[in-house]
Amino acid sequence: MSEYGVPVPMTDVRDGFWGSFRDTLVREAIPYQWAALNDALPETAEKSGCMRNFRIAAGLETGDFHGYPFQDSDVYKWLEGVACSLRWKPNPALEALADGAIRIIAAAQQPDGYLDTYYIIRGLDRRWTNLRDDHELYVAGHLIEAAVAYWQATGKRVLLDAAIRFAAHIDSVIGPEEGKLHGYPGHPVLEMALMRLYDAAGDERHLRLAAYFIRQRGKQPLFFEEERLRSGREEAWKGSPLGLRYYQAHAPLTEQRDAVGHAVRAMYLYSGMADVAGATGDGELAAACRRLWESAVRRRMYVTGALGSSEHGEAFTFDYDLPNDTVYGETCASVGLVFFARRMLCLEPRGEYADVMERALFNSVLSGMQLDGKRFFYVNPLEVVPEACRWDRHKSHVKPERQPWFGCACCPPNLVRLLASLEDYAAVRHGDTLYLNLYLGGTLRDGGLVLETESRYPWDGRVELKVTAAPREERSLALRIPGWCRVWRLLLNGEEAAAECREGYALLRRRWQTGDRLNLELEMIPRWVRTDPRVREDAGKVALQRGPIVYCLEEADNGKDLHLLRRGPDPSAETRWEPDTLGGVITVLTTGLREGSDWPEDRLYDFRDAPEARPVELKWVPYYAWANRGTGEMRVWIRE
Ligand SMILES: [Zn+2]
């Protein structure tokens, strides 16, 4: 084995901030999504057909397949979310519901292990003929992810056995051997799912297949081209610069320089590549991960952690192209960025990865769900004028309010499974050093060391860690110093700790004693953010961030025509804890200027001096909580 880091899950998460979201998951979002998957939501919501497809495929009902070829994945993601929630909140009724769904899924599986309701219902003779677009391998990936999670949470093997049989079937159809398809997933996820199965069950075949997918992708002759010519299908994205870049399948991954194409696919693919690089010690793949990370994060990521600048292909475009109002910023892409970031932290402990993970999590991931857990964003814009979404075709994908459900409902259950498994993102061990990446409140257990952590993160930068059990030998602890923090202090048993600072962490090595107490104090104040001036949309503008939370202005607090607002000459900011606003948030008040009140009613254009700007107070709220008080304008960046 290589030195790939090992995620160390937190247990007994007792975190005020995430705790309330996770309560909402269990109480509202999970039952709500089950209703959606069974078409039991009110008429206004788009139909799913998901569970019905499984019943038809299992012979329990008659009818035709409904939805997209990847419809099955919605129920798998839901099951994974349920499984993760059962780890921290046992719930026999929910588990019984999941068991019932699993029985139906297992009954739909074919004797040879195949399990995809689209082809089971529409005709098995056509299966494996369109790996590029028909998502069979994507569906398999989500089945495996759900199965491993459910097995780990409950010890029940029904879904796991089904997943292993499907994986074996895939292994018999695709691979390097003569007579097999030399293909790979059109929509990645199976790569990281197989790696998860390999970690859980230790079968080398799963590692081999994942590594094959990663190494085979984009190799000449291009599989997707050969497949297309065989079937006489149209070229993908004909006339668009996307082409096979949409699938990140235009060149071998080791030769790709830029994060391109469909942003969700990219994040899932890079995550799987990092897993394979870590497990096989393949330095060339690790270098490709680093290169693609830098492209995505340093030149193509929004300040909220959103990815995908264009609706065309739900894709990356080019460096520094980050329009705020026509952005795609799919919730799933930010969820995928969190996956990728944790895997980069396993490849090498660098604070930058955790900074990005936190940026996505607290902003563009969390904004995907309404505070009541029953409405969801697919697209996460940084600037919205509701009328423009209605009238402008280039903005019609941007919704000014969260939706009850989607015909393509990838995002809602994706968000659930991530938030339900947050404990897996708290820490990573490399050698005998435990790296703390997310400051959740809870318990960390690792090799005889037990740490109790407490924090009021993200509203307060004070984190306390207590050692409640310690091994005999020396161990290193590495506490992340977030990139947004300028001033910090680390105390060990009340005294300034002699920590070594390395790659965004404060490291302490010693023989820990039961009762040792660490206090990390991170200065958490509102700070103005500016962008690389090459970002045309935001040059000359500022955004506001406090700790990991990015803020925005909403019409509800600041009136209409938010584009008229500028930052005032006084950069100071006042914070206020508002327990009854948006579920309890810190709001920020700053000085500002509002232009244009002296403009004459009857002039669209005029030869006059710059309009007058009068001083106003700007009230900022956390971006993740926008659009929870009715429909209105919103913006993250304002002019200086
Ligand atoms: Zn999605």
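Counting starts at 1 for both ligands and their atoms, following the listed order. Each residue takes its place number in the sequence, starting with 1.
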Novice: Does NZ or CZ of Arg299 lie under 6.0 Å from the centre of the six-membered ring of Tyr320, at an angle within 45° of the ring axis?
Specialist: no

Novice: Please verify the inter-ring angle class for Tyr246 with Trp237; under 30° counts as parallel, over 60° as perpendicular, anything in between as tilted.
Specialist: tilted

Novice: For residues Phe166 and Tyr114, establish whether the separation of their ring centroids is below 6.0 Å.
Specialist: yes

Novice: Angle at the Zn ion (ligand 1), SG of Cys411 to SG of Cys410, rounded to 10 degrees, please.
Specialist: 120°

Novice: Please work out the angle at the Zn ion (ligand 1) defined by atom SG of Cys332 on one side and atom OE2 of Glu330 on the other, rounded to 10°.
Specialist: 110°

Novice: Distance under 6.0 Å and angle within 45° of the ring axis: does Arg127 meet both against Tyr119?
Specialist: no

Novice: Measure from the Zn ion (ligand 1) to each N, O or S atom of Cys408 and report whether any distance is below 2.8 Å.
Specialist: no

